2 protein chains.
Amino acid sequence: MVTTRYEQLLQRLRGDGFRLTPQRMAVLRVLADDTGHPTVEQVYERVRVDYPTTSLATIYKTIDMLKGIGEVLELSVGESHRYDGRDPRPHPHLICEDCGSIIDLAIDGPLGDPAFLSAAATEVAAARGYHDVMPQLEFRGRCAACHASALAADRTL
Amino acid sequence: MVTTRYEQLLQRLRGDGFRLTPQRMAVLRVLADDTGHPTVEQVYERVRVDYPTTSLATIYKTIDMLKGIGEVLELSVGESHRYDGRDPRPHPHLICEDCGSIIDLAIDGPLGDPAFLSAAATEVAAARGYHDVMPQLEFRGRCAACHASALAADRTL
DNA sequence: GTGTGTGCAAAGATTTTGCAGCGGT
DNA sequence: ACCGCTGCAAAATCTTTGCACACAC
């Protein structure tokens, strides 16, 4: 039986005693479906398609709640915050710091193995007395398109 | 011959044709010395001890410049940005998301080896056509002190 | 002397908060 | 019916920007 990520989130919230309002469910649907690592503003816009009265504050509150229970990852690119609600397990990201695009990486070797990273996190946590430690691996640079336009801009100067 | 990080930064800026104003040098000194991963505000306060007329905007501009040339790492903890100017090479950080403390980690195995992480970054960059890709490995959790006070707060409820 | 960097103050962007009323359980 | 959640608008942050002047080169 296949359980979608959306259903998984619904169950988690029900189990933890959170109320399932239409606004919340809409936010869950966006975060569960969107592979593009949306900003708060983007989630807001998509939720408003179905629920036009929803406020930005509600989006913030809902995402904060999901972050708090570990179902959504927050990534920072420059000044903007981006969210990954599709896979809460540790996986590497490839980030373009110019255009802000984020790609979920599947790479070979130990770095691509969630178990390996989690083991390292557990070890570090034990050694330092930390709790609930999650590993986060990011590769930050400039995508092909942004690199090309940066070069073009240079020539113009 | 021992070259301090501060002198290293001075040379880099001179070589790249940046002007060495007293304000800039003060910012460099703070970033080169401070092991505590300061915020912009903290850099500001420390610079103002010696140069009381320095403005916040100048701190922002200087740090942006240093980020741009890869001599300072930016880390996000919650809403606040923190800076590491002591070692621009990729090294793992242990972050407490409650109190915002950041520890530079020296760990065993491939994850603690800058060369290994850099090699992975180079590989990813080649595979995806990205440029100037830097790896960033973080372990995010809750330090012993914050964990203890979170438990205490729970009991109070 | 030239042009970059600085300081100030204002604007812009992002996120949080207070509170009255609605609605999920 | 209760209490958590929502929506609105205002407030609090945080960061950037425009411009005139200063000073590093």
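All of these numbers come straight from a predicted model, not from anything done at the bench. In the text below, chain A, chain B and the rest are named by the order of the sequence lines, each starting its count at 1.
For A:Tyr60 and C:dT15, the shortest distance from a side-chain N or O to OP1 or OP2 is below 4.0 Å. Between B:Thr58 and C:dG7 there is a side-chain polar atom (N or O) within less than 4.0 angstrom of OP1 or OP2. Residue B:Thr21 has a polar side-chain atom (N or O) positioned under 4.0 Å from OP1 or OP2 of C:dT6.
Residue contacts for A:Glu41: at a heavy-atom cut-off of 4.0 Å it reaches no nucleic acid atom on any strand shown. Across all strands shown, B:Ser80 has no heavy atoms under 4.0 Å from either base or sugar-phosphate atoms. B:Pro22 comes within contact range of the sugar-phosphate backbone alone, with a heavy-atom separation under 4.0 Å but no base atom that close.
Side-chain contact check for B:Asp98 and B:His147: no donor-acceptor pair (N or O, by modelled atom type) lies under 3.5 Å. Between A:Gln11 and A:Arg14, the side chains place no donor N or O within less than 3.5 Å of an acceptor N or O (distance only, hydrogens not considered).
The CD-P distance, from B:Gln23 to C:dT4, rounds to 17 Å in whole Å. Summarising the geometry, the separation between CZ on B:Arg14 and C1' on D:dA24 is reported as 12 Å, rounded to the nearest angstrom. Whole-Å rounding puts the B:Ile59 CD1 to D:dT16 P distance at 13 Å. Straight-line distance from the CD1 atom of A:Ile63 to the C1' atom of C:dT16: 14 Å, rounded to whole Å. Rounded to whole Å, atom P of C:dG24 lies 18 Å from atom CZ of A:Phe18. Distance, B:Tyr51 OH to D:dA22 P: 19 Å, rounded to whole Å. Atoms CG (B:Leu56) and P (D:dT13) sit 14 Å apart, rounded to a whole Å. Summarising the geometry, the separation between CE on A:Met25 and P on D:dC5 is reported as 13 Å, rounded to the nearest angstrom.
Salt-bridge check for B:Glu71 with B:Arg5: passed, with a basic side-chain N closer than 4.0 Å to an acidic carboxylate O. Look at A:Arg29 and A:Asp33 and you find no salt bridge, because none of the NZ, NE, NH1 or NH2 atoms lies under 4.0 Å from a carboxylate O.
Side chain of B:Thr54, nearest nucleotide from C:dG7, C:dG5, D:dC5: C:dG7. Minimum atom distance to the side chain of B:Ala57 is reached by D:dT17, of the listed D:dC5, C:dT25, D:dT17. Closest to the A:Glu79 side chain, of the nucleotides D:dT16, D:dC8, D:dC25, is D:dT16. Comparing D:dT15, D:dG18, D:dG4 against the side chain of B:His81 picks out D:dT15 as the nearest.
Checked by distance alone, A:Lys61 brings a side-chain donor or acceptor within 3.5 Å of a matching partner on the base of D:dG7. Taking 3.5 Å as the limit, the base of C:dT4 and the side chain of B:Arg19 contain a donor-acceptor pair of atoms between them.
Distance check, rounded to the nearest 0.5 Å: NZ of B:Lys61 to CG of B:Leu56 gives 10.5 Å.
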